[in-house]
2 protein chains.
Amino acid sequence: MNPKKQQILNAAYDLFINKGYNSSSIQDILDGAKVSKGTFYNYFGSKSECLMAIMESIGSEIRQRRMAAAVGMSANDPEVLAEQLYIRIKLNLEKNLFALYESIFYSQDPELKSFSVKQYSLEMEWISSRIVDVFGKEAAPYALENAAFVHGYVQQLIHLWRLVSVDNLPADKLSSFVIRRLQATIALQIAAKDTFFGNLKLPLAASADDVTLEELAPLLEQYAQKLKDQDNIKQLAQFLAAELAAETPRKALIESVLTTLANDNRIESELSIMIEQIWKHLADIA
Amino acid sequence: MNPKKQQILNAAYDLFINKGYNSSSIQDILDGAKVSKGTFYNYFGSKSECLMAIMESIGSEIRQRRMAAAVGMSANDPEVLAEQLYIRIKLNLEKNLFALYESIFYSQDPELKSFSVKQYSLEMEWISSRIVDVFGKEAAPYALENAAFVHGYVQQLIHLWRLVSVDNLPADKLSSFVIRRLQATIALQIAAKDTFFGNLKLPLAASADDVTLEELAPLLEQYAQKLKDQDNIKQLAQFLAAELAAETPRKALIESVLTTLANDNRIESELSIMIEQIWKHLADIA
DNA sequence: AATAAAAATAGACTAACGGTATAAAGGTGA
DNA sequence: TCACCTTTATACCGTTAGTCTATTTTTATT
């Protein structure tokens, strides 16, 4: 990453989380990053594009940490889900991201708007799929609405905590509490067959789930080629691409490389999404 | 209400819900209301003050409709709660208020910020107290966190609905669904004694609940005196104030007047809050 | 090493914003 | 007629996001 660009991102990041997005002017960013306006607009087409780059990198960090938390654990362990939930809460708290998320969720800027819808959909889709992991296939028809349950409950409990207490939010207690409530309610819901969304699915879910490992291999290869030769990640990604395309992919090797990648915090957004998809489809490999 | 002021409010209202608060300029409002800048600043000290006036009147309308929905029904009927929940959802949908709420919830403007915190607290406090109405005193320690449950769940289901379906949101089905899920989960929660907030309460709860009927009477009288003589509401409010201050208040009469007031859609915010408090304390009267 | 092409940079500039100030015009009741 | 208040129009201020252009720096090529 270009150092000037990184300077700008760092300064914008600090300002956005401390002063809020709308209240931070481009001039503030320029002063903070000690660059001029021309430099800023050389790297970002607009203020909102700068914000999106920041959000993208945060999303990437969350995906990466969540993968790291799941490595070597069984997918149906509710405590792993609670831990993964906790990862986002803690990161959001540490970096004061709530205002940031919400200020763009209801933005009028159409680019920001569609970006945030995509981010939101990804998160809901992720929670849904983890709910199916934990509670089994019979929970699938109820997964999406319970993702809403989890996400909404967490959000409101955080809001309320700030009004009722001056102490730091016990994020670990919060996430395990919500998962406990989820376990209690989802069992009853399945028994009662009480559904709101019915068969409705998120539009992106279909397309994202349909990507097979065979299709992923060339995409991964394509991504790897853009990296510099001396980058370790390039080697790993290219090996992974070749192995996925092979007649008989060696599962243990793939798992090993994935684990290494899941613990590398330099992973970019595009790659982290692919890694997650491979991980998801790992069971398909004999 | 002054016609010019009403003109401004109407124009601002239309703009805020269609273009959003931040994207609507004062000039837009002036053009829409066909008034000059001087007139605007004669009635509102700032753009945010104008927004707050709009939010206030919406809040008043919701309180009034919710009271009307509860008149003559028993307070512990879950279907009444579902109906009252539906009232807000429907109004928010009709008037496209979600963007408005969220755009001010995370505002940097300190006045707007504290205003929205107050509005939010009032809503959570209201849901909490209704939960105690419906599920009894044993639900009290869990009321606040289940208010978070209800509010957050509703919010997320609405968000998601817009992503998964092009149809109109079935707001009635949504509210009764959430109340059903609440009934299911809260029983289990009480049995398991699983609490997150514990004894923590919203700070304003204590002060608002402590207002007695005796203290309310002079406040009501004070409010009534500001009204015009020919206003029917003045007569009703003054009668109510006198009756509350009487040695032996006649419950049936008070209830009758409250019912009349609850169905009058001209009621202002300040009065509607008082009416709600009287209604809440009605059981105290012999 | 010299030079040409390309990329990065600084900063002046624009239009629009929220909000203030002021002077003139209009309306109302005594 | 007069005093008083509301409304209007408009000029003005500081600040905003974004554009444009001239200059400097970097890179590639010979």
Side-chain angles (χ1 to χ4, degrees), chain A residues 1-16 18-55 99-100 103-104 106-113 115-116 226 228-230, chain B residues 1-16 18-55 100 103-104 106-113 115-116 228:
Chain A
M1 171 87 64
N2 185 300
K4 287 275 177 190
K5 188 172 183 182
Q6 196 61 58
Q7 254 172 272
I8 297 172
L9 281 175
N10 291 340
Y13 189 104
D14 285 344
L15 283 163
F16 288 171
N18 289 324
K19 292 183 56 178
Y21 172 68
N22 286 313
S23 306
S24 304
S25 71
I26 295 212
Q27 195 57 53
D28 291 336
I29 301 172
L30 304 183
D31 295 345
K34 299 217 169 71
V35 297
S36 77
K37 206 158 225 179
T39 311
F40 180 91
Y41 280 99
N42 185 34
Y43 291 108
F44 304 99
S46 67
K47 193 180 157 191
S48 61
E49 209 170 275
C50 175
L51 173 60
M52 286 190 276
I54 290 172
M55 303 291 288
L100 216 47
S103 81
I104 70 163
Y106 289 94
S107 159
Q108 296 293 319
D109 181 337
E111 280 194 34
L112 255 187
K113 179 88 195 147
F115 175 81
S116 75
K226 288 189 294 183
K228 292 198 181 132
D229 279 340
Q230 57 269 41
Chain B
M1 172 87 65
N2 185 300
K4 288 278 174 190
K5 188 172 183 182
Q6 196 61 59
Q7 251 172 275
I8 297 171
L9 282 175
N10 291 340
Y13 189 104
D14 284 344
L15 283 164
F16 289 170
N18 290 324
K19 291 183 57 178
Y21 172 69
N22 285 315
S23 307
S24 304
S25 71
I26 296 221
Q27 194 56 54
D28 292 336
I29 301 173
L30 304 183
D31 295 345
K34 300 216 168 68
V35 297
S36 78
K37 209 165 212 176
T39 310
F40 180 91
Y41 281 99
N42 186 32
Y43 290 108
F44 304 100
S46 66
K47 192 179 157 191
S48 61
E49 210 170 273
C50 176
L51 173 60
M52 286 189 276
I54 290 172
M55 304 291 290
L100 214 48
S103 80
I104 69 164
Y106 289 94
S107 159
Q108 297 293 320
D109 180 336
E111 279 194 36
L112 256 186
K113 179 91 195 144
F115 175 81
S116 74
K228 292 198 182 135

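Proteins get letters first, then strands, A, B, ... in listed order; numbering begins at 1 in each.
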Treating B/Tyr43 as the side-chain partner and B/Gln6 as the backbone partner, does any N or O pair qualify as donor plus acceptor under 3.5 Å?
no

Where the side chain of B/Lys34 meets the backbone of B/Gln7, is there a donor-acceptor pair that is under 3.5 Å apart?
no

What is the distance from OH of A/Tyr21 to C1' of D/dT16, rounded to the nearest Å?
12 Å

For B/Ser48, answer base if it contacts any base atom (sugar-phosphate contacts may also be present), sugar-phosphate if it contacts only those atoms, and nothing otherwise; contact means non-hydrogen atoms under 4.0 Å.
nothing

Can you pull the contact range of chain A along DNA chain C, 5' to 3', using atoms under 4.0 angstrom from its heavy atoms?
C/dA8 to C/dA12

Protein-nucleotide distance (A/Ile29, atom CD1; D/dG18, atom C1'), rounded to Å
13 Å

What nucleic acid atoms does B/Ser25 come within less than 4.0 Å of, heavy atoms only: base, sugar-phosphate, or nothing?
sugar-phosphate

Going by the rule side-chain hydrogen bond (donor to acceptor under 3.5 Å, both in side chains), which residues pair with A/Asp28 if we only count those two or more places apart in sequence or in a different chain?
A/Lys19, A/Ser25

Interatomic distance where OH belongs to B/Tyr41 and C1' belongs to D/dC12 [whole Å]
14 Å

Rounded to the nearest Å, what distance is computed from the NZ atom of residue A/Lys47 to the P atom of nucleotide D/dT19?
14 Å

Sugar-phosphate, base or nothing in reach of A/Ser23, heavy atoms under 4.0 Å:
nothing

Grab the two heavy atoms, one from A/Phe44 and one from A/Ala53, that are nearest each other, plus how far apart they are.
CE2-CB, 4.0 Å

Go nucleotide by nucleotide along DNA chain C from the 5' end; which of A/Tyr43 and A/Lys37 gets its closest nucleotide reached first?
A/Tyr43

Whole-Å distance between D/dG18 P and A/Gln27 CD?
13 Å

Rounded to whole angstrom units, what separation is found between the CZ atom of B/Phe40 and the C1' atom of D/dA9?
17 Å

Interatomic distance, B/Asp14 atom CG to B/Ser24 atom OG [nearest 0.5 angstrom]:
10.0 Å

What is the distance, to the nearest angstrom, from the CD1 atom on B/Ile26 to the C1' atom on D/dT8?
16 Å

Please state whether the phosphate of D/dT7, meaning OP1 or OP2, lies under 4.0 angstrom from any side-chain nitrogen or oxygen of B/Ser36.
no

Whether A/Lys37 side chain and A/Ile26 backbone form a donor-acceptor pair below 3.5 Å
no

Count the heavy atoms of every other residue, nucleotide or ligand shown that sit under 6.0 Å from CD of B/Glu49, and state whether that count exceeds 12.
yes

Whole-Å distance, A/Asn42 CG to D/dC20 C1', equals 14 Å

